[in-house]
Engineer: 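The structure that follows is given in the form of C-alpha cells.
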Amino acid sequence: NNADYAYILHMASALKPGSGRMTAVVSTGVLSRTGNEGRIRARLVMDNLIDSVIALPDKMFQFTPAAAALLVIRRDRRPGQGILFIDARGMAVQTKSANTLPPDRVQNILQLYSRCAQQDRVAALVDPLDVAANGYSLSVTLYVQQPVEGEPHDLAEVRARRKELRGQLHKLNERIDALLASHAQ
C-alpha cells in the first residue's frame, strides 16, 4: 500500500557494488510495518545492507508533525557487522514552527555514526540476529533503551510477577485446549 520500499530498493539497486552508501529519510512506520514491507526489510537485514537507523525528533520538517528516521544502507559491510541504532529524538531544540538539530548535536550524531559507538540511552550496536529475533523490526526504541519514569522496580518482585503470569497463561492455554477438544468431537 506504500511505495516506501520501492523507492528504497530502487536507490539501493543503483549503489556502486562494494562501496555504495545511501541515506533515506523515512517515516517511522517503514521501520516496523509487517506484511510485504516486513519481508523486504528482513531481506535487507539478511543481505547485510542495513548499516544504521537514526530516529529523528518529531516536527523536524515543516508541515509534517510526524517523526521520521534516517535509514542508512551500505554495500561494503563486513559479514555479521552490527546495525547501529541512534536515538536523536531528545536532541532537538524547539522553535516556533518546527524542531531543529543544532550543529553541535548533528556533530554528535555524526561522531556516533562514524565511530559506530554505543552510548547509553542514545546509541546501540545490535547484532543482526537480535534484529531477526525482533521480527526484523528496525524501530530504534526496541534497541536504544530510554529511562523509565517513576520509581525503580524491584527485580525480584518483577521476576515473581512474571512467573505468576506465566503460570496463569499456562492454565488459560490448558482451558482453551480443553474447550477446543470438546468442540472438535
Side-chain angles (χ1 to χ4, degrees), residues 1-93 97-119 122-144 146:
N1 294 338
N2 298 296
D4 299 309
Y5 278 100
Y7 169 68
I8 292 167
L9 291 175
H10 173 71
M11 290 191 309
S13 70
L15 292 176
K16 184 177 180 179
S19 65
R21 180 186 318 192
M22 63 163 267
T23 301
V25 178
V26 297
S27 70
T28 55
V30 168
L31 305 174
S32 60
R33 285 193 292 248
T34 57
N36 287 335
E37 290 187 35
R39 287 188 283 283
I40 294 168
R41 197 174 48 252
R43 192 64 205 200
L44 288 169
V45 171
M46 287 186 278
D47 287 348
N48 198 32
L49 293 171
I50 304 293
D51 191 46
S52 182
V53 182
I54 303 168
L56 298 173
D58 60 356
K59 300 179 186 173
M60 283 289 297
F61 304 102
Q62 194 171 13
F63 308 114
T64 307
L70 300 177
L71 182 63
V72 182
I73 294 178
R74 288 179 67 170
R75 290 262 184 198
D76 62 345
R77 290 173 42 82
R78 294 181 316 277
Q81 183 177 345
I83 299 170
L84 182 65
F85 291 88
I86 300 174
D87 190 347
R89 294 175 304 157
M91 296 183 185
V93 171
S97 62
N99 287 329
T100 62
L101 285 171
D104 63 319
R105 295 181 185 174
V106 171
Q107 191 61 36
N108 184 29
I109 295 167
L110 286 171
Q111 286 176 356
L112 288 168
Y113 176 77
S114 64
R115 290 183 292 138
C116 208
Q118 299 195 86
Q119 183 177 329
V122 177
L125 187 60
V126 179
D127 188 297
L129 294 174
D130 292 331
V131 174
N134 279 320
Y136 294 98
S137 175
L138 297 175
S139 179
V140 173
T141 57
L142 281 174
Y143 308 104
V144 179
Q146 294 301 309

Engineer: Keeping Y5 on the side-chain end and G38 on the backbone end, is there a donor-acceptor pair under 3.5 Å?
Structural biologist: no
Engineer: For L101 and P57, which heavy atoms make the closest approach, and how far apart are they?
Structural biologist: CD2-CG, 4.2 Å
Engineer: Quick test of your reading: applying side chain to side chain donor-acceptor pair (under 3.5 Å), list the pairs with at least one residue in residues 65-91, sequence neighbours left out, ordered by first then second residue.
Structural biologist: N48-R77, D51-R77, R74-D76, D87-R89, D87-Q146
Engineer: Given 3.5 Å as the limit, does a donor-acceptor pair link the side chain of D127 with the main chain of L129, or not?
Structural biologist: yes
Engineer: Determine, stepwise, if the pair I40 / I8 fulfils side chain to side chain contact (heavy atoms under 4.5 Å, CB included).
Structural biologist: CA-CA 10 Å; I40 294 168; I8 292 167; over 6 Å; no
Engineer: Using every non-hydrogen atom in the two residues, find where L31 and R41 come nearest and quote the distance to one decimal.
Structural biologist: O-NE, 3.2 Å
Engineer: Look only at the side chain of S52 and the backbone of L84, and say whether a donor-acceptor pair between them is shorter than 3.5 Å.
Structural biologist: yes
Engineer: For the pair L56 and L70, evaluate side chain to side chain contact (heavy atoms under 4.5 Å, CB included) and give the outcome as yes or no after the intermediate values.
Structural biologist: CA-CA 7 Å; L56 298 173; L70 300 177; 4.0 Å; yes
Engineer: Determine, stepwise, if the pair L138 / F85 fulfils side chain to side chain contact (heavy atoms under 4.5 Å, CB included).
Structural biologist: CA-CA 8 Å; L138 297 175; F85 291 88; 4.0 Å; yes
Engineer: Between N108 and R105, do the side chains contain an N or O donor and an N or O acceptor separated by less than 3.5 Å?
Structural biologist: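 Per modelled atom types, N108 and R105 side chains form no pair under 3.5 Å.
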Engineer: Between A117 and A123, what is the shortest heavy-atom contact and its length?
Structural biologist: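 So the minimum-distance heavy-atom pair works out to O-CB, 3.4 Å.
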Engineer: For a quick test of reading the model, state the closest non-hydrogen atom pair linking V25 to A68 and the distance between them.
Structural biologist: CG1-CB, 4.2 Å
Engineer: Where do I109 and A88 come nearest, in terms of heavy atoms and distance?
Structural biologist: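 Heavy atoms of I109 and A88 come nearest at CD1-CB, 3.6 Å.
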Engineer: Go through it in stages, so that I can follow the logic: the residues are I83 and Y143, the test is side chain to side chain contact (heavy atoms under 4.5 Å, CB included), and I'd like the CA-CA distance, side-chain angles, deciding distance and then a yes or no.
Structural biologist: CA-CA 10 Å; I83 299 170; Y143 308 104; over 6 Å; no
Engineer: Which atom pair, heavy atoms only, marks the closest approach of A12 to I73?
Structural biologist: CB-CG2, 4.5 Å
